Engineer: 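I'd like to ask you about the structure that follows.
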Amino acid sequence: MATLSEAYREHPLHLRHIIPLDFSSIQTLPDSHAWFHDHDRDSVPDQNRDHDHNDDGGIPSIPIIDLADPNAMELMGMACENWGAFQLKNHGVSMSDIEEVEKEAKRFFDLPTDQKLKALRSPGGATGYGRARISPFFPKFMWHEGFTIVGSPSSDAKKIWPNDYQTFCDKIEIFQKQMKALAEKLTRMIFNLLEIPEQEKKWVGSTNSNNGAIQLNFYPVCPEPNRAMGLAPHTDTSLFTILHQNQTNGLQIFKEGKGWVHVNPNPNSLIVHTGDFLHIISNARFKCALHRVVVKRTKKRYSVAYFHNPPLDYVISPLVVNDARFRRVSVKEYFGIKAKNFGEALSLISTS
């Protein structure tokens with residue numbers, strides 16, 4: 001079975017799109033990371049605020065859904081249709097285990113740059129330290145560092161902590177197991193809502209299906225947050241993404257008619273947002289969550305994301321009898337299309 005690492009290996013990146021800036025030595029915003037000018041006030045995101053309560057001028061944020069609610073499946077469907085995202089409570093993932101992973105993420109990102117670079121992602125690699133994989137598709141770099149894990153983290157962890165890697169691996173693997181179980185539960189619920197035939201969901205829960213990926217994210221404090229971008233607007237190449245952010249906000253979801261809306265931290269909740277594959281399978285019934293991350297002047301921000309995908313040889317198609325809006329495409333083929341045509345991938349498989 002093809003692996004996620006294999007899909008990335010076929011689309012290598014240049015090193016300039018992998019090696020992050022040494023943010024610890026930066027006092028002013030370099031031009032390479034300046035997305036906006038002072039006169040671009042209409043387009044500048046409101047990211048200069050360092051407070052974290054809801055201050056969106058009455059704009060509602062994404063729904064909060066209790067997984068224990070008997071109507072949770074229907075509520076998730078409504079949230080995916082209207083927002084492409086929701087916050088989930090009573091999700092069954094241990095918050096103490098999530099906090100342990102966040103501690104490990106902080107321990108890694110606090111290391112000197114030369115030590116982090118020991119686990120630098122290779123040009124054709126899927127795992128390790130580096131810039132966001134979407135970097136080549138934008139004219140400026142993002143105020144962000146990331147660490148990607150697919151399968152066991154031990155290979156990269158040994159490069160960083162040759163004699164002390166096991167703690168990191170243990171914490172990640174416990175978290176990984178819980179997130180996979182939650183992702184499979186949500187997949188079954190969403191697929192049942194969409195009335196997807198049994199033969200089309202045999203891969204869910206399969207021991208051979210291990211195409212999830214963990215992304216540790218770090219957004220350092222920024223000297224000019226109004227001119228920088230933590231993560232540029234994009235949709236995820238996933239079925240859906242499950243995210244935990246610390247109590248510093250920064251994630252924004254685009255809502256038609258409302259613009260960019262903050263996803264404010266909700267204690268003990270996880271954020272779920274739809275990716276390209278669920279958008280395709282639902283025949284565009286479910287929105288594909290366009291999202292971005294803004295940064296702050298005095299607060300660091302950490303997040304941990306779990307990207308849930310079908311197997312790479314699985315063929316994605318809208319499960320409708322008539323008026324399919326997208327052609328059939330394998331997961332691996334779509335990864336390739338998006339690797340070359342980032343912003344146009346969905347339109348390139350559109351039937352209209």
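The model shown is predicted, which means the values in this text are computed figures rather than measured ones.
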Engineer: Over all heavy atoms of both residues, which pair between Met179 and Ile242 is shortest? Give the atoms and the distance, please.
Structural biologist: CE-CG2, 3.3 Å
Engineer: Between the side chains of Asn246 and Glu102, does any donor sit under 3.5 Å from an acceptor?
Structural biologist: no
Engineer: Go through it in stages, so that I can follow the logic: the residues are Tyr306 and Lys180, the test is side chain to side chain contact (heavy atoms under 4.5 Å, CB included), and I'd like the CA-CA distance, side-chain angles, deciding distance and then a yes or no.
Structural biologist: CA-CA 8 Å; Tyr306 181 83; Lys180 184 175 188 289; 3.5 Å; yes
Engineer: Lys287 versus Asn82: any side-chain heavy-atom pair under 4.5 Å?
Structural biologist: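 Lys287 vs Asn82: side chains apart.
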Engineer: Residues in ring-ring contact (aromatic ring centres under 6.0 Å, His included) with Phe109, at least two apart?
Structural biologist: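 With sequence neighbours excluded, Phe109 shows a ring-ring contact (aromatic ring centres under 6.0 Å, His included) to Phe218, given in chain and number order.
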Engineer: Quick one, Ile98 with His244, criterion side chain to side chain contact (heavy atoms under 4.5 Å, CB included). Give me CA distance, side-chain angles, the key distance, then yes/no.
Structural biologist: CA-CA 8 Å; Ile98 292 174; His244 176 261; 3.4 Å; yes
Engineer: Side chain to side chain donor-acceptor pair (under 3.5 Å): which pairs involve residues 318-331, sequence neighbours left out?
Structural biologist: Arg327-Glu333
Engineer: Among residues at least two apart in sequence or on other chains, which ones pass salt bridge (Lys or Arg N to Asp or Glu O under 4.0 Å) with Lys177?
Structural biologist: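 Applying salt bridge (Lys or Arg N to Asp or Glu O under 4.0 Å) to Lys177 gives none.
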Engineer: Looking at Lys201, I want to see if its NZ is surrounded by more than 12 non-hydrogen atoms of other residues, nucleotides or ligands under 6.0 Å.
Structural biologist: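 Atom NZ in Lys201 is crowded, with more than 12 foreign heavy atoms closer than 6.0 Å.
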Engineer: Can you run down the side chain to side chain donor-acceptor pair (under 3.5 Å) pairs that involve residues 138-150, sequence neighbours left out, and say none if there aren't any?
Structural biologist: Asp31-Lys140, Lys116-Glu145, Tyr129-Glu145, His144-Asn217, Thr148-Gln215
Engineer: Nearest 0.5 Å please: distance from the CD1 atom of Ile349 over to the CD atom of Glu344.
Structural biologist: 13.0 Å
Engineer: Among residues at least two apart in sequence or on other chains, which ones pass salt bridge (Lys or Arg N to Asp or Glu O under 4.0 Å) with Lys338?
Structural biologist: Asp276
Engineer: If you compare all heavy atoms of Pro318 against all heavy atoms of Asn283, which two are closest, and at what distance to 0.1 Å?
Structural biologist: CB-OD1, 3.3 Å
Engineer: Any ring pair (Phe, Tyr, Trp, His ring centres under 6.0 Å) pairs touching residues 311-333, not counting sequence neighbours?
Structural biologist: Trp203-Tyr314, His279-Phe326
Engineer: Determine yes or no for a side-chain-to-main-chain donor-acceptor pair under 3.5 angstrom, with Gln245 supplying the side chain and Val263 the backbone.
Structural biologist: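 Such a contact is found between Gln245 side chain and Val263 backbone.
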Engineer: Counting only N and O atoms by type, is there a donor-acceptor contact under 3.5 Å from the side chain of Arg301 to the main-chain atoms of Tyr219?
Structural biologist: no
Engineer: Consider only side-chain N and O atoms of Ser347 and Ser350, and report whether a donor and an acceptor are under 3.5 Å apart.
Structural biologist: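 The criterion, which ignores hydrogens and geometry beyond distance, is not satisfied for Ser350 and Ser347.
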Engineer: Could you check whether any side-chain heavy atom of Pro225 comes within less than 4.5 Å of a side-chain heavy atom of Lys296, counting everything from C-beta outward?
Structural biologist: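 Counting from C-beta outward, Pro225 and Lys296 never come under 4.5 Å.
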Engineer: Spell out, as yes or no, whether a donor-acceptor pair under 3.5 Å connects the side chain of His91 to the backbone of Val93.
Structural biologist: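 Side chain of His91 to backbone of Val93: a pair is present.
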Engineer: Can you sort out the partners of Glu99 under salt bridge (Lys or Arg N to Asp or Glu O under 4.0 Å), two or more places apart, ordered by chain and number?
Structural biologist: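 None.
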Engineer: Any side-chain heavy-atom pair from Lys300 and Asp110 closer than 4.5 angstrom?
Structural biologist: yes
Engineer: Counting only heavy atoms not in Lys185, do more than 12 fall under 6.0 Å of its NZ?
Structural biologist: no
Engineer: Would you give the length of the straight line joining atom CD1 of Ile174 to atom OG of Ser96, rounded to the nearest 0.5 angstrom?
Structural biologist: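 One finds 9.0 Å between CD1 of Ile174 and OG of Ser96.
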Engineer: For residues 69-81, run the donor-acceptor check on the side chains, cut-off 3.5 Å, and write out each pair with its distance to 0.1 Å, sequence neighbours left out.
Structural biologist:
unit_1: Asp69; atom_1: OD1; unit_2: Asn71; atom_2: N; d: 2.7
unit_1: Glu81; atom_1: OE2; unit_2: Arg285; atom_2: NE; d: 2.7
unit_1: Glu81; atom_1: OE2; unit_2: Arg285; atom_2: NH2; d: 3.1

Engineer: Before we go on, tell me: are the rings of Phe108 and Phe147 under 6.0 Å apart, centre to centre?
Structural biologist: yes
Engineer: Could you pull out all residues at least two apart from Phe307 that satisfy ring-ring contact (aromatic ring centres under 6.0 Å, His included)?
Structural biologist: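 Phe307: no ring-ring contact (aromatic ring centres under 6.0 Å, His included) contacts found.
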Engineer: Side-chain contact test, heavy atoms from C-beta onward, threshold under 4.5 Å: evaluate it for Val329 versus Val315 and give yes or no.
Structural biologist: no
Engineer: At what distance, to the nearest 0.5 angstrom, does CD1 of Ile64 lie from CD1 of Ile62?
Structural biologist: 8.0 Å
Engineer: Taking the side chain as C-beta and beyond, is there a heavy-atom pair between Asn249 and Leu251 under 4.5 Å?
Structural biologist: no
Engineer: Once rounded to the nearest 0.5 Å, what's the spacing between atom CG of Leu243 and atom CD1 of Ile271?
Structural biologist: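 Rounded to the nearest 0.5 Å, the CG-CD1 separation comes out at 4.5 Å.
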Engineer: Working to the nearest 0.5 angstrom, can you tell me the gap between Leu186 CG and Leu270 CG?
Structural biologist: 9.5 Å
Engineer: Between Thr248 (side chain only) and Lys299 (backbone N and O only), is there a donor and an acceptor less than 3.5 Å apart?
Structural biologist: no
Engineer: Find out if a path of hydrophobic residues (ILVMFWY) with successive side-chain heavy-atom gaps under 4.5 Å connects Leu29 to Val221.
Structural biologist: no
Engineer: Would you call Asp313 and Val331 a side-chain contact if the rule is heavy atoms closer than 4.5 Å?
Structural biologist: no
Engineer: Would you name the heavy atoms of Arg131 and Ser135 that are closest together and state the gap between them?
Structural biologist: CB-OG, 3.6 Å
Engineer: Does any part of the side chain of Leu117, heavy atoms only, come nearer than 4.5 Å to the side chain of Ile19, both counted from C-beta?
Structural biologist: yes
Engineer: Measure the spacing between CE of Met95 and OG of Ser269 and express it to the nearest 0.5 Å.
Structural biologist: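 Nearest 0.5 Å value for the CE-OG distance: 7.5 Å.
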Engineer: What pair of heavy atoms forms the shortest contact from Pro233 to Leu290, and how long is it?
Structural biologist: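 Between these two residues, the closest heavy atoms are C-CD1, 4.0 Å.
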Engineer: Tell me whether Trp35 contacts the main-chain N or O of Phe141 through its side chain, where contact means a donor paired with an acceptor under 3.5 Å.
Structural biologist: yes
Engineer: Checking Lys258 side chain against Ser61 main chain: does a donor-acceptor pair fall under 3.5 Å?
Structural biologist: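 Not at all, since once roles are kept as given, no pair shorter than 3.5 Å links the two residues.
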Engineer: Is Thr187 reaching over with its side chain to a backbone N or O of Ala183, donor-acceptor style, under 3.5 angstrom?
Structural biologist: yes
Engineer: Any donor-acceptor pair under 3.5 Å linking the side chain of Arg227 with the backbone of Phe36?
Structural biologist: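 Judged by distance alone, yes, a pair lies under 3.5 Å.
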Engineer: Tell me if a side-chain donor or acceptor on His291 pairs with a main-chain N or O of Ala289 at a distance below 3.5 Å.
Structural biologist: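 Yes.
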Engineer: If you take all heavy atoms of Asn309 and Ser238, which pair is closest and at what distance?
Structural biologist: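 Between these two residues, the closest heavy atoms are OD1-CA, 2.9 Å.
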Engineer: Output all residues satisfying salt bridge (Lys or Arg N to Asp or Glu O under 4.0 Å) with Asp236, sequence neighbours left out; order by chain, then residue number.
Structural biologist: none
Engineer: Could you pull out the closest heavy-atom pair between Arg292 and Leu231, with the gap in Å?
Structural biologist: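 For Arg292 and Leu231, the tightest heavy-atom pair comes out as CB-O, 3.3 Å.
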Engineer: Partners of Phe240 by ring-ring contact (aromatic ring centres under 6.0 Å, His included), sequence neighbours excluded?
Structural biologist: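 Counting only residues at least two positions away or on another chain, Phe240 forms a ring-ring contact (aromatic ring centres under 6.0 Å, His included) with His308.
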Engineer: Report the residues that fulfil side-chain contact (heavy atoms from CB on, under 4.5 Å) with Gln199, sequence neighbours left out, ordered by chain and then residue number.
Structural biologist: Pro197, Lys202
Engineer: Check whether any side-chain heavy atom of His17 sits under 4.5 Å from a side-chain heavy atom of Arg133, and report yes or no.
Structural biologist: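 In short, these two side chains do not touch, never coming nearer than 4.5 Å.
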Engineer: Once you measure the plane-to-plane angle for Trp161 and Phe168, does it fall in the parallel (<30°), tilted (30-60°) or perpendicular (>60°) bin?
Structural biologist: tilted
Engineer: Any link between Leu193 and Val320 through a network of hydrophobic side chains (Ile, Leu, Val, Met, Phe, Trp, Tyr) touching at under 4.5 Å?
Structural biologist: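 Different hydrophobic clusters.
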Engineer: So, the side chain of Arg297 versus the backbone of Cys222: is there a donor-acceptor pair under 3.5 Å, distance only?
Structural biologist: no
Engineer: Does the distance from a Lys or Arg side-chain N to an Asp or Glu carboxylate O, for Glu100 and Lys171, drop under 4.0 Å?
Structural biologist: yes
